[in-house]
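The structure appears right after this line, and notes come after that.
Because the structure is a prediction, the values reported are computed rather than measured. So that the names make sense, note that chain A is the first sequence line, chain B the second, and so on, each numbered from 1.
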Amino acid sequence: MSFIQVRNVWQQYGDQTVLENLRLDIDQGEFCALVGASGCGKSTFLRMLLGQERPHRGQILLDDKPLVAEPDPSRGIVFQRYSVLPHLSVLDNVALGLELPRAPLLGRLFGRAKAEARTQAAQLLRRVGLDHALDKYPSQLSGGMQQRLAIAQALIMKPRMLLLDEPFGALDPGIRKDMHALLLELWQETGLTVLMVTHDLSEGFTLGTRLLVFDKVRNDPQAPGAYGARITYDLPLNLDRRATREAVAALPAHVTGALKTA
Amino acid sequence: MRLINRKPGPSWRISLAMLPFALLLVAYLAGSAARLAENPQDKLLPSVVQMADAVERMAFKEDPRSGRYLLWDDTAASLKRLAMGLAIAAALGLSLGILAGSLPLFGAALSPLLTVVSMIPPLAILPVLFIVFGLDELSKVMLIVLGITPVIARDLEQRAREIPAELLIKAQTLGANTWTLILRVVLPQLLPRLLIALQLALGSAWLFLIAAEAIASTDGLGYRIFLVRRYLAMDVILPYVAWITLLAWLMDLGLKRLTRAAFPWYEGGRA
Ligand SMILES: Nc1ncnc2c1ncn2[C@@H]1O[C@H](COP(=O)(O)OP(=O)(O)OP(=O)(O)O)[C@@H](O)[C@H]1O
Ligand SMILES: [Mg+2]
């Protein structure tokens with residue numbers, strides 16, 4: 001069965017229906033780009049996948065099991081803003097993900113374990129091009145660097161699924177291009193399943209192996225909240241890239257780079 | 001240029017800051033000189049020399065009856081009460097603020113209580129404190145604690161609520177449980193706010209301290225002021241008030257500097 005199965009999911013707030021009857025199967029390693037008008041429920045869909053909210057009706061299965069109903073390390077997220085912790089340095093922002101699961105009492109590691117976590121975090125930060133800024137605080141970074149940091153922070157957990165909610169929405173076009181390249185490389189290397197919300201259709205076309213379009217098909221002018229959005233188009237994209245990724249996934253672990261083996 | 005667009009340069013800024021103080025001082029000196037010329041026994045506006053004498057007597061000569069240096073004894077007693085009150089209030093306020101602000105279940109129970117408790121005028125329950133805790137140190141410290149804890153707790157509760165939900169979710173995806181989330185995300189982000197809340201509560205803390213000392217004490221800055229009031233000893237009262245003001249100002253400055261030095265990410269994080 002598919003990695004993620006969305007079974008007739010509805011979401012509503014009060015009497016406003018936001019999403020109606022979503023049915024979707026997503027395989028491991030797919031890169032889904034989610035597009036749609038503002039306010040049609042894309043972020044809502046990601047929040048449900050993250051476990052931040054429950055569907056009003058229907059069910060989401062992960063590996064045939066009901067989704068854990070609160071955020072956990074198996075699902076990474078990058079928001080448009082507020083993705084990194086302002087009070088931690090770049091290095092600590094990433095090392096935190098190695099410390100928290102292993103230190104349920106103090107939330108931090110000491111001595112050799114700490115040094116190891118920091119080395120590992122520094123390696124990943126080099127991979128996203130932040131090795132020159134390890135000791136900086138996020139407020140001292142540019143928008144693009146902050147998003148690189150947020151991505152590294154999510155990847156250190158080796159999540160099975162990476163959710164991106166307009167991660168590059170606030171970046172200017174040149175930097176956005178660099179970010180696209182980086183994200184694609186990381187996706188190739190890690191075998192992650194990625195779901196990315198974007199307002200930029202061309203971004204969706206360039207990056208995705210699948211494009212999901214959210215739209216309201218029914219509209220009652222008397223009751224604007226009566227109907228929600230559905231997935232109206234589900235297009236396969238960049239088939240070559242999908243094939244490449246599958247080929248890479250078939251390679252033995254020791255040749256596929258630091259991320260997979262780290 | 002319009003007035004709203006005119007800004008003082010650095011040297012102007014200092015001169016402008018000094019100006020009101022200088023004017024007040026000149027007005028005082030003139031008033032004092034005029035009154036003393038009319039009646040050398042006048043007590044209301046003592047001259048600088050009279051006040052210097054009083055300071056000399058209080059700070060640098062042993063008190064003939066107790067054999068102690070009163071100003072320093074008073075200062076030590078008051079600062080000890082103040083420090084204890086502030087420390088307890090900070091710890092309580094921080095804990096309550098974090099509980100109420102970041103755990104909805106606790107918030108539901110604590111927020112209304114904090115709101116109501118913060119409406120109680122602390123001085124109105126001072127007699128209760130004296131009855132319950134006796135007339136010694138504890139009741140004075142408790143007055144400060146009761147007076148400023150609700151304010152600090154409510155401020156921090158609000159700040160904890162203002163931490164973007166994204167950060168709390170992010171921390172959970174990084175493997176935090178409730179406890180480590182509070183320890184590594186909420187607490188560090190609230191510590192600079194705590195220092196600022198303390199800075200703002202400092203004025204009230206001094207108020208409660210002086211009030212408690214005035215009513216029931218045998219030492220302390222507030223006790224001394226209210227004691228010598230009986231003899232209209234303005235030459236002691238005015239230097240004491242100036243001393244208290246200086247102490248309060250230094251504490252305010254210290255907290256500000258500490259916030260900056262200990263939390264370098266904080267000011268930048270606002271931008
Ligand atoms: N917690 C909530 N309570 C009530 N209404 C909500 C809530 N969250 C979202 N909504 C509503 O659900 C609708 C969809 O919101 P959502 O944020 O998912 O849209 P979106 O597709 O991500 O939009 P955008 O592209 O602007 O980010 C909006 O109309 C919003 O007002
Ligand atoms: Mg959105």
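- When each of A:G76, A:S74, A:G51, A:P101 is checked for heavy-atom pairs under 4.5 Å with chain B, A:P101 comes out on top.
- Note on B:R159 versus B:E162: salt bridge recorded, some NZ/NE/NH1/NH2 to OD/OE distance being below 4.0 Å.
- With respect to chain B, the highest number of heavy-atom pairs below 4.5 Å among A:L50, A:I156, A:L85 belongs to A:L85.
- For the pair A:L207 and A:T198, the minimum side-chain heavy-atom distance is 4.5 Å or more.
- Taking the ring centroids of A:H56 and A:W10, they lie at or beyond the 6.0 Å cut-off.
- Looking at A:A154, the atoms closer than 4.5 Å to chain B (heavy atoms on both sides) sit in the backbone and in the side chain alike.
- If you measure heavy-atom distances from A:F79 to chain B, the contacts under 4.5 Å come from the side chain alone.
- For A:L98, no part sits under 4.5 Å from any heavy atom of chain B, backbone or side chain.
- By the 4.0 Å N-to-carboxylate-O rule, B:E137 lies close enough to B:R81 to be salt-bridged with it.
- Interface remark: A:Q153 contributes backbone and side-chain atoms alike to the contact with chain B (heavy atom separation under 4.5 Å).
- Both the backbone and the side chain of A:R108 come within contact range of chain B, judged by heavy atoms closer than 4.5 Å.
- A donor-acceptor contact closer than 3.5 angstrom is absent between the side chains of A:T44 and A:Q11.
- Ranked by heavy-atom pairs under 4.5 Å with chain A, the list B:N177, B:L183, B:L167 is led by B:L167.
- No salt bridge links A:E166 with A:K42; every basic N to acidic carboxylate O contact stays at or beyond 4.0 Å.
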